[in-house]
Enquirer: 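Just passing along the structure, written as structure tokens.
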Amino acid sequence: MEKKEIVDILEEMGTLLELQGANPFKSRAFHNASRALEGFTGDLPAAVQSGAIREVKGIGEGIAKVIGDLVTAGRSRDYEDARKGIPAGVLDMLRIQGLGPKRIRLLHQKLKITSIDALEKAAKDGRLAKLEGFGKKTEENILTNIEALRKRSDKSLFPVAEEAASRMLAALKDVKGILRTSVAGSLRRRKEVIGDVDLLVSATDASRQNIMKQFVSHPDVERVIGQGDTKSTVMLRQGISCDLRIVSDQEFPFALNYFTGSKEHNVEMRTRARRLGLSLNEYAFTAVEEKGKKKTKIPAVRSEEDLYKALGLAYVPPELREMMGEFEAAGEHRLPKLLEPGDLRGTLHCHTTYSDGLHTLEQMAGAAKDLGWEYLGIADHSKAAAYAGGLSADAVGKQVRAIDAFNEKADGFTVFKGTECDILTDGTLDWPEKVLSLFDYVVISVHSQFRMSEAEMTKRVVTALRHPRVTMLGHPTGRLLLSRDPYPIDMMQVIQVAAEYGKAIEINAHPMRLDLDWRLCKHAKESGVKIFINPDAHSMDGLRDTFYGVGIARKGWLTQADVVNAWSTADVRNYLKQSKK
DNA sequence: GCCGTTTTCGGCCCGACTGTTTTCAGTCG
């Protein structure tokens, strides 16, 4: 069994223990061990074999045995025991905001509720309010939050959908008869939230049946919803619906364009074709017969580039196909040269073991180097973020000295000294001037009191953003996608203030956030606000999340010049210096 | 269950908020 699966199982075991009302410290131990294992970077089977796994802090005798069983046998008795007596639906209820293990346990025991549906019914019948510790308000909140959960559960985050899609495509690649493959749909356009995964292949007619057979029998397929020669639909175990369409190779560019969308973009494509005397659909161009006019010659199309060229347009990258001005720009050949993943040279908002990160400063810097980067910025939490191991002022001093010492030895690699400083309720910062002056840069963000009104929250953030020591606003919309709603904030006003005061804004690329949607991104760019793509990384692996942010940056029309991560170390240093008055 | 001992037991991160209570438990970040 793979490390990632074991990390998930340990996490689940911790949760199951909570639901069983076990010693809270015991369940905590499982959660801790899960995190500890996540941070383990060595060869897991070897470490299990040699017993070295016990040296990982947080993994002791008992949990080492669970890990060992899972690595070698793929199953664990302890895990199976933990699952006994807890129906899957009970675990599911944890996804409802405001419901934790204690109350779910009570619901399970007193009302025999074992699913979200049963919970909803009980709430509607008014049976919850009668339960000890529950009341009318709680009952209403639960109903509201069930509704909210339902609304988002048919959507997946981009990183989850991308992972699922690439697993399916990888398996198809070597099937005989397949000529070209691609993802399509909103995933190809790199929207942050994906409805379902669309895959497209071109293939020989004779191979279609076999390709579909391979597709529906992929190990990730939970059930087959429909299976035909040109289109099949399956439900993946990740909870994502996935379509595969097969077309001829000649049709491929047309189908790819059509199924990539967006719908509005497609409408404009067809309208433009019409003006040239052509009809466009998902398979081909056809000439339109018009009285007194010569029939238009059908242009040869082998690729999407040809298709755009035939309409007198520059190739429009999928990310820009949202009817945000891409046709005008493509017609005048002034589409921007979008940021590429390879343009990144570093990132500035990462955590280390000084606060709630899993890896040390040296490990994080090493991982950044391995990605081919030139610099890394460390921004651990400030003291108010106690739950996230926020630093004391003393610890800041220690970390700053450690980074200075590291930089003296590091050859050609730079670690910048930063902080993720909490914005307190009144808009003041969590660090006094004396501490702020120690950093190369200051990221500010909201971690408390999310339920302010939009006006209050905006005032709070804008007040903090104006502070002379502040470099950039971190996770600006506070959105934890699909897990909770963003906090209310008037981003237009925030962007205006950022522009006025020369402050930057962060695209938080942490997969649970994917903050600052592309429309705001585009608006920020047009206002002259610089953007940082930050992974909010809590581990070495987490640094890779920066690349998810590139997708949002591209959708926001951002180029190398707009994104500070693409600048040289010297330019970044200058930028940080001049922004820090 | 894990850790770290002044090693074989005692402590394990915490502040804010909400809704329930009438002094606090549960949840969240």
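Numbers restart at 1 for each chain; the letters A, B, ... are given by sequence-line order, proteins then strands. Note that the structure is predicted; figures quoted are calculated from it, not measured.
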Enquirer: Please report the distance, rounded to the nearest Å, between NE2 in A:H351 and C1' in B:dG29.
Expert: 13 Å
Enquirer: When the P atoms of B:dA16 and B:dG11 are considered, how many whole Å apart are they?
Expert: 25 Å
Enquirer: Does OP1 or OP2 of B:dT20 have a side-chain N or O of A:T138 closer than 4.0 Å?
Expert: yes
Enquirer: Rounding to an integer number of Å, can you tell me how far A:M13 CE sits from B:dC2 C1'?
Expert: 14 Å
Enquirer: Closer to the 5' end of DNA chain B via nearest nucleotide, is it A:S27 or A:L131?
Expert: A:S27
Enquirer: For the C1' atoms, the ones on B:dT8 and on B:dG1, what distance do you get once it is rounded to whole angstrom?
Expert: 15 Å
Enquirer: In whole Å, what separates the P atom of B:dC2 from that of B:dC13?
Expert: 15 Å
Enquirer: Answer with yes or no whether A:N141 presents, from its side chain, a donor or acceptor under 3.5 Å of a partner atom in the base of B:dG19.
Expert: no
Enquirer: Among B:dC2, B:dG26, B:dG19, which is the nearest nucleotide to the side chain of A:A29?
Expert: B:dC2
Enquirer: Give me the ring orientation class for A:H447 and A:H381: parallel if the planes are under 30° apart, tilted from 30 to 60°, perpendicular past 60°.
Expert: perpendicular
Enquirer: Taking only the P atom of each, what is the distance from B:dC12 to B:dT5 in whole angstrom?
Expert: 15 Å
Enquirer: Indicate yes or no for a side-chain donor-acceptor contact from A:K503 to the backbone of A:V497 under 3.5 Å, with no hydrogens or angles considered.
Expert: no
Enquirer: For B:dG29, which nucleotide is its Watson-Crick or G-U wobble mate, given both distances must be under 3.5 Å?
Expert: B:dC14
Enquirer: In a check of side chain to side chain donor-acceptor pair (under 3.5 Å) between A:D536 and each of A:H475, A:H349, A:H510, which one passes?
Expert: A:H349
Enquirer: Does a side chain donor of either A:S76 or A:D69 reach within less than 3.5 Å of an acceptor in the other side chain?
Expert: no
Enquirer: Can you measure A:L19 atom CG to B:dG26 atom C1' for me and round it to whole angstrom units?
Expert: 14 Å
Enquirer: Rounded to whole Å, how long is the line connecting atom CZ of A:F134 with atom C1' of B:dC24?
Expert: 15 Å
Enquirer: To the nearest Å, how far apart are A:E18 CD and B:dT27 C1'?
Expert: 11 Å
Enquirer: How is A:K136 classified with respect to the nucleic acid when contacts are heavy atoms under 4.0 Å: base, sugar-phosphate, or nothing?
Expert: sugar-phosphate
Enquirer: Using a 4.0 Å cut-off on heavy atoms, which residues in residues 54-68 of chain A reach DNA chain B? List them by number, or say none.
Expert: A:V56, A:K57, A:G58, A:I59, A:G60, A:E61, A:G62, A:I63
Enquirer: How long is the line joining CG of A:D81 and P of B:dG1, in whole Å?
Expert: 12 Å
Enquirer: Using the P atom in both, what is the distance from B:dC14 to B:dT20, to the nearest Å?
Expert: 28 Å
Enquirer: Is any side-chain N of the basic residue among A:R544 and A:D541 closer than 4.0 Å to the acidic one's carboxylate O?
Expert: no
Enquirer: Whole-Å distance between B:dG19 C1' and A:I142 CD1?
Expert: 12 Å
Enquirer: Please tell me if A:R28 has a side-chain N or O lying less than 4.0 Å from either OP1 or OP2 of B:dC13.
Expert: yes
Enquirer: Determine whether A:K121 and A:D117 make a side-chain contact, defined as any pair of heavy atoms from C-beta on separated by less than 4.5 Å.
Expert: no
Enquirer: Does atom CD (A:E132) have a neighbourhood of more than 12 heavy atoms from anything else shown, all under 6.0 Å?
Expert: no
Enquirer: If I take atom CG in residue A:N145 and atom P in nucleotide B:dT18, what distance separates them, rounded to the nearest angstrom?
Expert: 14 Å
Enquirer: Quick check on DNA chain B: between A:E132 and A:G389, whose nearest nucleotide comes earlier from the 5' end?
Expert: A:G389
Enquirer: Give the ring-plane orientation class for A:W431 versus A:F439, where under 30° counts as parallel, over 60° as perpendicular and anything between as tilted.
Expert: tilted
Enquirer: Looking for any heavy atom pair under 4.0 Å, which part of the strands does A:P101 touch: base, sugar-phosphate only, or nothing?
Expert: sugar-phosphate
